[in-house]
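The block underneath contains the structure these notes are about, expressed in structure tokens.
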There are 2 protein chains.
Amino acid sequence: MLTTFEVLSLPARREILERLRSGPSSVSELSDALGLSQPITSKHLRVLKDAGFVSVRPDAQRRWYELRPEPFVEVAQWLEPYRWMWEDRLDRLGRYLDDEEASR
Amino acid sequence: MLTTFEVLSLPARREILERLRSGPSSVSELSDALGLSQPITSKHLRVLKDAGFVSVRPDAQRRWYELRPEPFVEVAQWLEPYRWMWEDRLDRLGRYLDDEEASR
DNA sequence: AAGGTATATACTTTCAAAGGTATGTTGACG
DNA sequence: CGTCAACATACCTTTGAAAGTATATACCTT
């Protein structure tokens, strides 16, 4: 199973995620919209599902894929300790320290 | 050249970045601290440099590597349109009010 | 039951990143 | 000037993700 950042390293998969921001979508809708073959699309969705980026809801032959927040939260948490580099406002530093303290 | 997310997909490189949060470091310091061989460390640092994650300052035989914000900002900007998934409006309203207050 | 639709997966090939090892390069210092 | 120290890079090998193609599965419709 691929890790969160490995999943995100492929542009096609980021495009799938971007498209899912506007709501759930079926495989054929995604493959049409992004110009990918159906098998390729299914395989990317499988990877995205295994990593927690999407969930699936069957509906007859269709599968509706939908965004899930967990891996995005993981990225946000990874990113947080680096924010001081470009957001050097003291109140944000304060907020970061508050969060650190609150997490213990 | 590897893209931002490709660079981040390797744990060893994320560990290097994490270590650099406490300040600039030389190759041997990093390789000792992380248990990596010197060539491997140098190669990862080369990748990180090419992708803009670090800058280098020569000092005799030593090279001091230091974090740079740009790629982190890129990740933050990519992440932003997904925040609604786990941060609801009230959270963001709260932060907005905090910012307004802090700016006076 | 038959045929069509929507999706998943098996199989193969390709390709490039990652690690290991050896060697090159540059500067310090006796 | 020779040697050591710190680092970079060239070369080779391995490995696994990605794409393409073909096929399997499940469900609807008539």
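So that the names make sense, note that chain A is the first sequence line, chain B the second, and so on, each numbered from 1.
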- [ ] Using atom CZ of A:Arg57 as one end and atom C1' of D:dC27 as the other, report the distance to the nearest whole Å.
- [x] 16 Å
Task: Sequence-aligned protein contact record of nucleotides 15-25 of chain D, with B where the base is within under 4.0 Å of a protein heavy atom and S where only the sugar-phosphate is - done: --SSBBBB---
Open item on the list: With a 4.0 Å limit, can you tell me whether B:Arg46 has a side-chain N or O closer than that to the phosphate oxygens OP1/OP2 of D:dA8?
Closed with: no
Open item on the list: If the cut-off is 4.0 Å, is B:Tyr65 near the phosphate of D:dA8, judged by side-chain N/O to OP1 or OP2?
Closed with: yes
Open item on the list: Any non-hydrogen side-chain atom of A:Leu36 less than 4.5 Å from a side-chain atom of A:Leu30?
Closed with: no
Task: Euclidean distance, atom CG of residue B:Leu45 to atom P of D:dT9 [Å, nearest integer] - done: 11 Å
TODO: Identify the heavy atoms of B:Lys49 and B:Val56 that sit nearest to each other, and give their distance.
DONE: CD-CG2, 3.3 Å
TODO: Kindly assign one of parallel, tilted or perpendicular to the pair A:Trp86 and B:Phe72, based on the angle between their ring planes and the thresholds 30° and 60°.
DONE: parallel
Task: Between P of D:dC7 and NZ of B:Lys49, the distance in whole Å - done: 14 Å
Task: Nearest-Å distance for atom pair CG/C1', residues B:Leu8 and C:dA17 - done: 15 Å
TODO: Determine whether B:Tyr82 and A:Leu17 make a side-chain contact, defined as any pair of heavy atoms from C-beta on separated by less than 4.5 Å.
DONE: yes
TODO: Look at all strands and tell whether A:Ser42 reaches a base, only sugar-phosphate, or nothing, counting heavy atoms closer than 4.0 Å.
DONE: base
Task: Atom pair distance, as rounded to whole Å: CG in A:Leu36 and C1' in C:dA6 - done: 16 Å
TODO: Decide yes or no for A:Leu8 and B:Trp78: does some side-chain heavy atom of the first lie under 4.5 Å from some side-chain heavy atom of the second?
DONE: yes
Open item on the list: Under 4.0 Å from OP1 or OP2 of D:dA5: is there any side-chain N or O of B:Arg62 that close?
Closed with: no
Task: Base-pairing assignment for D:dT30 (Watson-Crick or G-U wobble, both under 3.5 Å) - done: C:dA1
TODO: Write down the atom of B:Leu2, the atom of B:Ala51, and the distance for their closest heavy-atom approach.
DONE: O-CB, 4.1 Å
- [ ] Starting at CH2 of A:Trp64, measure out to OG of A:Ser25 and round the result to the nearest 0.5 Å.
- [x] 6.5 Å
Open item on the list: Please report the distance, rounded to the nearest Å, between CD in A:Gln61 and P in D:dC28.
Closed with: 6 Å
